[in-house]
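Below is one structure, written out as structure tokens, with a few remarks after it.
Keep in mind the model is a prediction, meaning the values are calculated, not measured.
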Amino acid sequence: QVQLVESGGGLVQSGGSLRLSCVASGIDLSIDIMGWYRQALGKQREMVATITSGGRANYSDSVKGRFTISRDDDKKAAYLQMARLEPEDTAAYYCHADAQITPGRPVRFWGQGTQVTVSS
């Protein structure tokens, strides 16, 4: 059974920081892209950051310069270091891991989500 377990969310003051973790289990094949999406109440889901197996990162303009994504393939984990958090960052954050279970047909696995709430 594939599971992506997220942790690190919580309540933080504006300007503070949090570090989200996502650890995958049950995936025997190597993981291609890992990343984070978020969805605020009443808002559309948006990509926050992604990172390839080669370490190339991509960020949403709204978080660029404040968030840093990283990964540890030995631990099958992805991390999102969030700094200078703003109330607008308040959302449920979901990690994902993409794996080529079937050649040419990657499967995206999702975590259960972790809530980040930034107070003013």
Please test Asp89 against Arg66 for side chain to side chain contact (heavy atoms under 4.5 Å, CB included), starting from the C-alpha separation and ending with a verdict. CA-CA 11 Å; Asp89 296 316; Arg66 299 187 297 119; 2.8 Å; yes
What distance do Lys64 atom NZ and Asn58 atom CG have between them, rounded to the nearest 0.5 Å? 6.5 Å
Non-hydrogen side-chain atoms of Val116 and Leu18 separated by less than 4.5 Å: yes
Going from CG on Leu20 to OG1 on Thr114, what distance comes out if it is rounded to the nearest 0.5 angstrom? 6.0 Å
Step by step, would you call Thr68 with Tyr59 a side chain to side chain contact (heavy atoms under 4.5 Å, CB included)? CA-CA 8 Å; Thr68 302; Tyr59 299 94; 3.8 Å; yes
How long is the gap from OH on Tyr94 to OH on Tyr37, to the nearest 0.5 Å? 14.0 Å
Using salt bridge (charged side-chain N to carboxylate O under 4.0 Å, His left out) as the criterion, list what pairs up with Asp32, not counting sequence neighbours. none
Looking only at atom types and distance, does a side-chain atom of Glu6 sit under 3.5 Å from a main-chain N or O of Gln112, one as donor and one as acceptor? yes
Is there a donor in the side chain of Arg38 and an acceptor in the side chain of Ser62, or the other way round, less than 3.5 Å apart? yes
Under 4.5 Å between any side-chain heavy atoms of Ser14 and Pro87, yes or no? yes
Mind checking the CD1-OG1 spacing from Ile31 to Thr52? Nearest 0.5 Å is all I need. 13.0 Å
Restricting to non-hydrogen atoms, name the atom on His96 and the atom on Trp36 that form the minimum distance, rounded to 0.1 Å. CD2-N, 4.2 Å
When the ring planes of Phe67 and Tyr93 are compared, do they come out parallel, tilted or perpendicular, using 30° and 60° as the limits? tilted
To the closest 0.5 Å, what do you measure between OG1 (Thr90) and NZ (Lys43)? 12.5 Å
Yes or no on side chain to side chain contact (heavy atoms under 4.5 Å, CB included) for Ser25 and Lys76, after CA distance, side-chain angles and deciding distance? CA-CA 7 Å; Ser25 64; Lys76 294 185 177 181; over 6 Å; no
Could you check if a side-chain atom of Arg108 sits within less than 4.5 angstrom of a side-chain atom of Pro106, using non-hydrogen atoms only? no
Are the side chains of Ser53 and Arg71 in touch, meaning some heavy atoms are under 4.5 Å apart? yes
In Å, rounded to the nearest 0.5 Å, how long is the span from CD of Gln81 to OG of Ser70? 8.0 Å
Heavy-atom side-chain contact between Ser17 and Met82 under 4.5 Å: no
State, yes or no, whether a side-chain contact exists between Val23 and Leu4 at a heavy-atom distance under 4.5 Å. no
Flag yes if Tyr79 and Val48 sit in one hydrophobic cluster, no otherwise; membership is Ile, Leu, Val, Met, Phe, Trp, Tyr, and two members link when side-chain heavy atoms are under 4.5 Å apart. no
Would you check if the side chain of Arg84 reaches a backbone N or O of Gly65 as a donor-acceptor pair within less than 3.5 Å? yes
Closest approach of Ala91 and Ala40, non-hydrogen atoms and distance? CB-N, 3.7 Å
Connected via hydrophobic side-chain network under 4.5 Å: Met34 and Phe109: yes
Test item: Gln115 and Leu11 side chains (from C-beta on) under 4.5 Å apart, heavy atoms: no
